[in-house]
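Here is the naming used below: chain letters follow the sequence lines, and residue numbers restart at 1 for every chain. It should be emphasised that the depicted structure is a prediction, and the values quoted were computed from it without experimental measurement.
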Amino acid sequence: MRSYSYRVVGEETVTYLPETAEDLEAFTTWARRESGRVIGVDTEGTGLDTYARGNRLRTVQFGTAREAWVLRVEGRPGTWATARDVLLRLPRIALHNAPHDWLVLDRHLDLPMEVLASKTTDTRILAHLLDSRGREDGGIGHGLKPLSQYYIDPDAPDTQDGLISVFRELGHTKSTGWAAIPSDHPVYVRYAGLDTIFASRLLDVLGPQVHERGLMRLADFEHQVARVCAAMERRGVRVNSEYVSGMSSRLATEAEHHRRRASRYGVSTIGSTKQVAEALVAMGENLTATTSGGALQVDKDVLLPLADLDPRWERLGVREPNPLADAVVRAKRAARWKTTYADAMASGLDERSRLHPKINSLQARTARMSISKPPLQQLPAGDGTIRKAMVAEPGSVIGSVDYSAIEMRVLAALSADRAMVQAIRDGADLHDFTAEQIYGPDFTKRHRKVAKTVGFGKVYGGGAESIALQTGAPLADVRRAIAAYDRTFPGIKRYSARLTARGRYGAKELISPTGRILPLDRTRLYAATNYMIQSVARDVFAQGLLDLDAAGLTEHLRLPVHDEVIFEASETDVFELAEEIQRTLTVPEFYGVPLDTEAEIFGAAWEPDTTRYIRTGDQPWTTPQETAPGLPLAS
DNA sequence: GCTGCGTACGCA
DNA sequence: CCAATGCGTACGCAGC
């Protein structure tokens with residue numbers, strides 16, 4: 001049997017590559033002998049896109065701190081069965097970024113993800129609980145490589161990078177190499193084994209730290225949340241691919257049309273901010289806003305007013321539109337919608353036209369979730385153009401349930417501000433209430449907008465200037481509004497002051513009511529309130545997902561979108577199901593504040609514009625007047 | 001061919 | 001005194 005050695009912190013490790021039946025027997029004997037330990041597990045395939053047509057599993061690896069085994073399962077039924085058998089038998093496994101491998105093994109090794117999840121410790125979860133910051137924010141990062149270098153061996157190799165240079169030597173590229181490299185290539189085998197050795201060692205280091213810091217319960221919670229999100233990822237979302245391809249070509253035409261318009265003013269590349277800025281200046285426009293890098297800013301905020309358009313792209317009627325600004329914003333939007341959304345939706349579909357986006361259940365420093373490939377949490381919501389590409393199965397409909405103003409409510413709850421808690425308990429519209437407190441009973445729509453933005457400013461840690469910029473209100477007015485807000489809700493101000501004070505007195509982190517560690521940045525202490533609020537709101541939502549799972553509703557869930565869940569149900573029981581999801585997510589008393597939910601039922605597609613039924617709290621279902629009638633939906 | 005940075009833009 | 005938060009993706013451009 002071939003074996004490969006590698007030194008990790010000066011210690012010899014060995015990776016074995018079983019080839020014969022006897023070798024496989026030696027592997028199963030080893031697995032049996034070591035089954036008292038948690039075994040590191042990893043997989044390698046032809047690419048990361050598990051559900052793309054043609055994706056294949058190549059190897060399954062097992063390892064402890066000193067030994068690893070690389071099983072070449074592709075095209076070898078005996079080895080495939082052995083890997084499967086051992087995974088079924090092992091009582092405990094450690095994976096780094098478990099959901100990826102759960103789904104690979106679910107799809108390609110006929111192992112239900114749930115079976116693996118019940119015995120998994122995900123070292124990425126442990127690492128995130130100990131330091132939620134990415135590398136850009138001064139943290140360690142959450143990849144296997146940076147964690148291994150930090151916690152285990154500063155000289156830990158970047159196995160991915162190392163393999164990619166081998167790909168090049170073999171005449172392949174980063175993307176083609178994974179499928180093409182011989183699975184017995186010494187570098188491939190060595191690195192494949194090494195990943196499990198590091199996962200195993202990471203568990204040895206992180207496990208005790210998680211225990212010491214009292215994070216065990218939170219770790220268990222996160223593993224369950226990860227399982228529910230992985231189940232959603234496995235199910236996928238159905239895409240109307242004919243609609244998507246039609247939309248893609250329409251957007252291409254539109255982008256091209258406006259590109260051509262822009263070129264008449266000397267802008268050959270609409271994405272070049274320099275070209276756009278220079279051309280606008282040459283046309284006599286006065287550009288003042290600058291970017292953090294010092295360049296002239298030519299983003300949407302700058303271009304729309306020049307094109308005499310408001311933020312909703314409607315004519316302002318205050319100036320002659322600058323044709324270049326108009327052409328550039330339109331070309332850029334069409335191009336973005338095409339590439340980031342339409343084309344991204346079309347690629348990676350499985351054989352049933354389902355999209356399986358990566359749902360990262362524990363991502364942001366506040367623990368918020370993210371979705372990538374494609375970014376389905378960020379689909380344009382304005383009109384339904386993009387979102388309606390996501391459709392239900394025939395006979396079913398799409399709906400959503402979201403928490404009403406959850407961040408404001410969590411802020412009220414944690415700060416225990418009496419006025420705000422009471423206003424919420426009374427069922428008041430918080431922004432109306434605030435506007436009335438600041439401006440009196442005759443407040444206008446503009447007043448409400450300022451009040452709303454001041455409220456968001458509290459949640460985000462923003463100041464008077466940014467609120468003035470957002471609302472267009474004069475700075476002095478905004479300052480007065482903030483002062484009135486602080487008089488109305490003194491508890492909010494006190495709460496924020498208390499959190500930032502901890503940082504000023506040297507605290508490096510906050511601990512949230514769920515026990516989560518929230519690292520602080522010394523130079524951005526104003527963000528402390530936001531971290532707390534955003535994180536607790538996320539944990540409420542995540543608990544809601546677990547409650548939905550416990551109620552047996554996971555099969556209906558499609559996507560988590562921060563404070564809302566997108567679901568699917570048959571036309572016949574969608575109302576009943578929506579109400580059950582609502583009941584399950586609603587928290588009647590959260591530190592004295594009700595966390596209410598709102599349900600919406602769309603149609604055959606995820607298309608907010610055609611919302612047909614809305615239910616707020618436990619009120620009856622209503623039909624918005626702007627709803628287009630006539631969709632085949634029984635009530 | 002790939003990486004890193006700056007910029008921009010979509011959402012909650 | 002004061003500070004807008006959190007993500008993922010694409011493009012242009014410089015540099016390897």
Side-chain angles (χ1 to χ4, degrees), chain A residues 132-134 136-137 161 164-165 167-168 171-177 268-277 289-304 311 328-329 331-333 335-341 343-344 357-358 360 362-382 385-387 400 402-403 405-408 411 453-470 479 482 496 500 518 521 523-535 537-538 541 559-564 608:
Chain A
S132 63
R133 297 169 303 171
E136 328 68 44
D137 293 323
D161 277 4
I164 288 159
S165 46
F167 294 168
R168 297 221 180 86
H172 304 291
T173 66
K174 185 182 174 180
S175 51
T176 61
S268 58
T269 312
I270 51 145
S272 168
T273 50
K274 193 160 167 274
Q275 267 188 38
V276 174
T290 52
T291 66
S292 56
L296 282 177
Q297 194 173 326
V298 283
D299 64 6
K300 221 171 51 167
D301 289 346
V302 172
L303 295 181
L304 282 177
V328 170
V329 276
K332 279 167 86 170
R333 184 170 72 164
R336 171 169 295 267
W337 283 21
K338 174 175 155 39
T339 53
T340 310
Y341 305 118
D343 294 350
K358 292 274 179 199
N360 312 298
L362 179 63
Q363 182 67 20
R365 64 186 291 162
T366 58
R368 260 198 179 188
M369 301 177 185
S370 73
I371 300 184
S372 59
K373 294 184 172 183
L376 295 188
Q377 289 178 326
Q378 289 115 290
L379 297 187
T385 307
I386 302 284
R387 286 193 175 185
S400 76
D402 70 332
Y403 285 96
I406 191 170
E407 293 195 337
M408 291 305 297
L411 178 59
T453 314
V454 171
F456 281 132
K458 293 292 168 189
V459 172
Y460 290 142
E465 272 190 58
S466 64
I467 293 167
L469 202 68
Q470 286 288 313
R479 286 194 208 281
I482 293 175
S496 283
T500 49
L518 298 170
D521 296 331
T523 56
R524 294 169 69 250
L525 289 179
Y526 61 86
T529 311
N530 178 256
Y531 292 162
M532 182 65 82
I533 300 307
Q534 191 180 101
S535 171
R538 178 274 182 193
F541 177 70
L559 294 172
V561 190
H562 301 308
D563 66 348
E564 77 178 309

Between [X] and [N], is there a side-chain N or O to OP1/OP2 distance below 4.0 Å?
X: Thr366(A); N: dG6(C); result: no
X: Gln363(A); N: dG8(C); result: yes
X: Thr529(A); N: dT5(C); result: no
X: Tyr403(A); N: dA12(B); result: no
X: Arg524(A); N: dG6(C); result: yes
X: Arg479(A); N: dC2(C); result: yes
X: Lys174(A); N: dT3(B); result: yes
X: Tyr531(A); N: dG6(C); result: yes

So [X], base contact, sugar-phosphate only, or nothing? Heavy-atom distance under 4.0 Å.
X: Leu379(A); result: sugar-phosphate
X: Thr523(A); result: nothing
X: Ala344(A); result: nothing
X: Gly293(A); result: sugar-phosphate

Taking only the P atom of each, what is the distance from dA12(B) to dA4(C) in whole angstrom?
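Result for the P pair: 22 Å, nearest Å.
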Considering only heavy atoms and no angle criterion, is a donor-acceptor pair shorter than 3.5 Å present between the side chain of Gln470(A) and the base of dA4(C)?
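Answer is yes: a donor-acceptor pair is held.
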Classify the side chain of Arg336(A) versus the base of dC9(B) as yes if they form a donor-acceptor pair under 3.5 Å and no if they do not.
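Answer is yes: a donor-acceptor pair is held.
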From dA3(C), dT9(C), dC11(B), pick the nucleotide closest to the side chain of Glu465(A)?
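That would be dA3(C).
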Tell me the closest heavy-atom pair linking Ile533(A) and Leu411(A), and the distance in Å.
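Heavy atoms of Ile533(A) and Leu411(A) come nearest at CD1-CA, 3.5 Å.
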With sequence neighbours excluded, what pairs up with Asp521(A) under the salt bridge (Lys or Arg N to Asp or Glu O under 4.0 Å) test?
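Scan of Asp521(A) (salt bridge (Lys or Arg N to Asp or Glu O under 4.0 Å), adjacent residues dropped) gives Arg365(A), Arg524(A).
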With sequence neighbours left out, what residues match Ala289(A) under side chain to side chain contact (heavy atoms under 4.5 Å, CB included)?
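With neighbours one apart ignored, the set is Gln297(A), Val302(A).
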Side-chain heavy-atom pair Thr176(A), Thr173(A) within 4.5 angstrom cut-off:
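They are in contact (side-chain heavy atoms under 4.5 Å apart), so the answer is yes.
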Could you write out each protein N or O paired with an N or O of nucleotides 13-16 of chain C at a distance under 3.5 Å?
| from | atom 1 | to | atom 2 | distance (Å) |
| --- | --- | --- | --- | --- |
| dC13(C) | OP1 | Ser272(A) | OG | 3.0 |

